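Take a look at the structure below.
Predicted model only: the values in this text are computed from it and were never measured.
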Amino acid sequence: MAGTDFGHAIGLPRALSGLPLSPLVGGYGELLSAQQTLGLRHLGELLTPPGGRLRLLDGIFAVTGPGRRRHVGPEVLRSLRRDRPEPAAAWLLARLAAIQDADPAALRRILLYQLTHLLQDHPQGELPATAAGFGVDRAEAAALVQAAARRARLDQEQRAAAESLRDDVLEHRIRSAARRAALLPPAGEDRPLAALLAELAARTAAADTVLAVARRAEEQGHPGRACLHYEEAAALAGDCPRAVRGLVRTYRPEPGDPGPPVSVLVPGGVELRWPAEDFGDTRWRVVRLTRGAPAGAPLAEVPGRPVGGVLVDAGAGIGEEIRHVALPLRADGTVDGPPLIAAPLSVAPAVTAVTAVDGNGWIGASWTAPPDAVHCEVTLTGPRGPVAVPPVARAGSRETLRVEGPTPGRYAWVVRARYAPKGGAERGALSAPVTVPVTVHAWPEPVLTLTALPREAGGVEFRRTGGDGAEVRLVRWPGTTPAERAELTAAELPPPLDWAGPGWTDAATNDPATSVAGTSVPGAGLPGTGGPACVGHPPPGSQTVVSAVSVLGARAVAGPSVLVEAPLPVTGLVLRRAAPDVVEVGFDWPGAAGTVTAAVTQDGRRTELAVARSVFLREGLRLPVTSAALSVEVHAAPRSARSVLASPGADARAELPADVAVSYELVPGARRGLRRGPAVLRVTVRAPGGAPGPDLPDLPGFVLVARGDGGRDPRRPSGPVDGPTVCRVTGAELAAAAAGTGTGTGTVERPIDTAVAPGRPYALRGFLLGGSAASVRLEEPPLPTLVIR
């Protein structure tokens, strides 16, 4: 309709016949990324100063004021670059200047493309004020809004196709460009896009024609001629999957042609290694073919360029069988000559960190499975051929396998990773095998039991069962004791006990000939013989966990253990009868023992009592007894209930005879009228048994001593010589008195010799004299009765 076309009355006649559907510039993705880094809504914001406006209907102008505008050409862009020190802005302005140099209309096309999408995406994009808000000069805002409303709207997929179309054409990816073009709406008044699409359609048709000729030649059995046509089709459409697959089928290297690259699995992908020949500055397009993919499926291109003859493909799918094809390129990007075709490769990473070990009657392997593997297939081959293996056990990414009961010899584990089928294949890809050899060694028989029995003179006899055919050592582990049947190496064993015997003898015959250098021979330890024996003498005061270990060559097996304790002997044992029914026991505490055992034997009965160290040191030891003779034995108790106690030799033992007591009292003299006669000393002896004998020692003599100092309350004599003797009774007289009654109790009476006594008042006190005085208890009367006034 006349007067309604965009730009009909603005600037040059028909300055815009339609807004662009595509920017049609190579590397537009890089421009957009740099623009987003700077936070720009469109590239025009980079071309105008703050507050400036942008005109672009009849060229690109930066409007800085009324009547002041500046045409934005390559030189202006370069000057702007000098004023923007930040790297992203400088790079972007330099790139825009290069685009302007190559095509003066390209930058204006980009700006119109970006502004059109901004207006179409804005909820008020139909208003001129919206365009002005994006920095467009108000004189052009209304026309731009009207044109943007008329242009076809593109969805996200169409925008991506429009922005990448020019890159595909420049790189001669004609098939990819054709697919993108099919997504776009009709070009309409976008004449550059229409011209490009027409050129693209012509090249596509030409490639299809050449492909048809190549297929007929191949079907007629002329692979060489077909290869030339496939190569021509690849030159027309560098990303044509049918052309590349046709080259793979028909190309036959001739003598002198370069060798193919080699595909190798590496961590993170596949590494493509070119042969050693020097290819100069040849550019390459490398594509990846996947077995099972449809013939017309788009080619997977490997990005990047070879560095040092090596290119890494990180996009290969795990479990797929692939093949790399390297196409040489001319300077303009078209295919130049026959391809280099690598051999097929299964992208099936092998297992890693494979280890193999052997143990006592078993052989095992472990490895780390790739995360994408479905399962791992394992084989084990030994001296007698294949060995059946159980299912694999998995813990996280680590897998383990263990086979019981292999015979000694050389074995080999082979582990492969299996992957899920891809592309309709019946079975998934299988990784390269990883082979690990291992030798199964002979291991010693374990010691089954170990016992310890105390022997005289502080010795301990060890007996064992098992360990036949191996060297059996008695050891003390410096740290944690290994569990029974733990598999060890001889190098990690502690030295043998230095206080145990050097070898084992037959406990039944006590014949060391049945054992040589600590190795028991078959037959030793049969049922009924008690097993091989070994005698040791642990140092006094020690507590040792003794373990048996069987050793064969460089391998060892931990056996059972027993706790052996050798307490220190008790010394300095003394007994004292504190009362007829109480005995005080004294001794030197044995080292670090926590408890001692005191055993009292009296009247044919033995009573044991546990005494704690803290109680003994605080209170001493007092034992309830009778007056009969007794004996006391004291020895250190074991610190653990599991201990086997090695005797420290003779136990500390002391005897105490029967309780013999001597008592005395003053009996007032007979009254004679108004006066009394001299007092009489009455001495009584009490001995159990009723008569002198083994329980009645030689009795001591008795003396009564007087002391007077002239004071009102005279001091008592402190000893048998602390004053004159006023009365004396011999030990024989006391023994005769006790024996004469038949009951062991007798009395002797003697008058006091007051002639030798000091002046009144004076104090009396009796004392026992003689060698057995310490064994006889003296009972004294109340003190007031011993004062004579």
(message) Under a 3.5 Å distance rule, please check whether Trp443 uses its side chain to pair with a backbone N or O of Gly359 as donor and acceptor.
(response) yes
(request) Could you pull out the closest heavy-atom pair between Val475 and Pro496, with the gap in Å? (result) CG1-CA, 4.2 Å
(request) List in chain and number order the residues that pass side chain to side chain contact (heavy atoms under 4.5 Å, CB included) with Val596, two or more places apart in sequence or in another chain; answer none if no residue qualifies. (result) Phe587, Trp589, Pro590, Val611, Val634
(message) Under the side-chain hydrogen bond (donor to acceptor under 3.5 Å, both in side chains) definition, can you give me all pairs with a residue in residues 294-307, not counting sequence neighbours?
(response) Arg173-Glu301
(message) If you compare all heavy atoms of Ala243 against all heavy atoms of Ala234, which two are closest, and at what distance to 0.1 Å?
(response) CB-N, 3.9 Å
(request) Please name all residues satisfying salt bridge (Lys or Arg N to Asp or Glu O under 4.0 Å) with Glu377, sequence neighbours left out, ordered by chain then number. (result) Arg418, Arg427
(message) Looking at Arg639, is its backbone amide N or carbonyl O close enough to the side chain of Glu565 to form a donor-acceptor pair, meaning the two atoms are under 3.5 Å apart?
(response) yes
(message) Checking Thr381 now: which residues fulfil side-chain hydrogen bond (donor to acceptor under 3.5 Å, both in side chains) with it, not counting sequence neighbours?
(response) none
(request) Please identify each residue that fulfils side chain to side chain contact (heavy atoms under 4.5 Å, CB included) with Ala452, with sequence neighbours left out. (result) Val460, Phe462, Val562, Val564, Val644
(message) Tell me if a side-chain donor or acceptor on Glu487 pairs with a main-chain N or O of Asn360 at a distance below 3.5 Å.
(response) yes
(request) May I ask you to decide if Gly466's main-chain N or O and Arg464's side chain share a donor-acceptor pair within less than 3.5 Å? (result) yes
(request) List for me each residue that meets side chain to side chain contact (heavy atoms under 4.5 Å, CB included) alongside Thr250, sequence neighbours excluded, and say none if there are none. (result) Glu218, Pro223, Ala226, Cys227, Tyr230
(message) Within the 4.5 Å heavy-atom criterion, are Tyr411 and Ile363 side-chain neighbours or not?
(response) yes
(message) Tell me if the aromatic rings of Trp367 and Trp413 count as close, with their centers under 6.0 Å from one another.
(response) no
(request) Quick one: which residue pairs count as a side-chain hydrogen bond (donor to acceptor under 3.5 Å, both in side chains) with a foot in residues 336-354, not counting sequence neighbours? (result) none
(request) Not counting sequence neighbours, which residues clear salt bridge (Lys or Arg N to Asp or Glu O under 4.0 Å) with Arg485? List them please. (result) none
(message) Run the side-chain hydrogen bond (donor to acceptor under 3.5 Å, both in side chains) test against Thr439 and tell me which residues pass, sequence neighbours left out.
(response) Arg410
Could you list the donor-acceptor pairs under 3.5 angstrom formed by side chains in residues 306-319, with sequence neighbours left out?
{"from": "Asp313", "atom 1": "OD1", "to": "Arg288", "atom 2": "NH2", "distance (Å)": "2.9"}
{"from": "Asp313", "atom 1": "OD1", "to": "Gly315", "atom 2": "N", "distance (Å)": "3.0"}
{"from": "Asp313", "atom 1": "OD2", "to": "Arg288", "atom 2": "NE", "distance (Å)": "2.6"}
{"from": "Asp313", "atom 1": "OD2", "to": "Arg288", "atom 2": "NH2", "distance (Å)": "3.4"}
{"from": "Asp313", "atom 1": "OD2", "to": "His324", "atom 2": "NE2", "distance (Å)": "2.9"}

(request) Dump the intermediate steps for side chain to side chain contact (heavy atoms under 4.5 Å, CB included) on Leu265 and Val347, then the final yes or no. (result) CA-CA 7 Å; Leu265 278 178; Val347 185; 4.0 Å; yes
(request) Taking salt bridge (Lys or Arg N to Asp or Glu O under 4.0 Å) as the test, write out the residues that go with Glu608, two or more places apart. (result) Arg606
(request) Please identify each residue that fulfils salt bridge (Lys or Arg N to Asp or Glu O under 4.0 Å) with Arg242, with sequence neighbours left out. (result) none
(message) Looking at every non-hydrogen atom in both residues, tell me the closest pair between Ala297 and Pro241 and how far apart they are.
(response) O-CB, 3.2 Å
(request) Mark yes or no for whether Ser640, through its side chain, and Arg642, through its backbone, hold a donor-acceptor pair below 3.5 Å. (result) yes
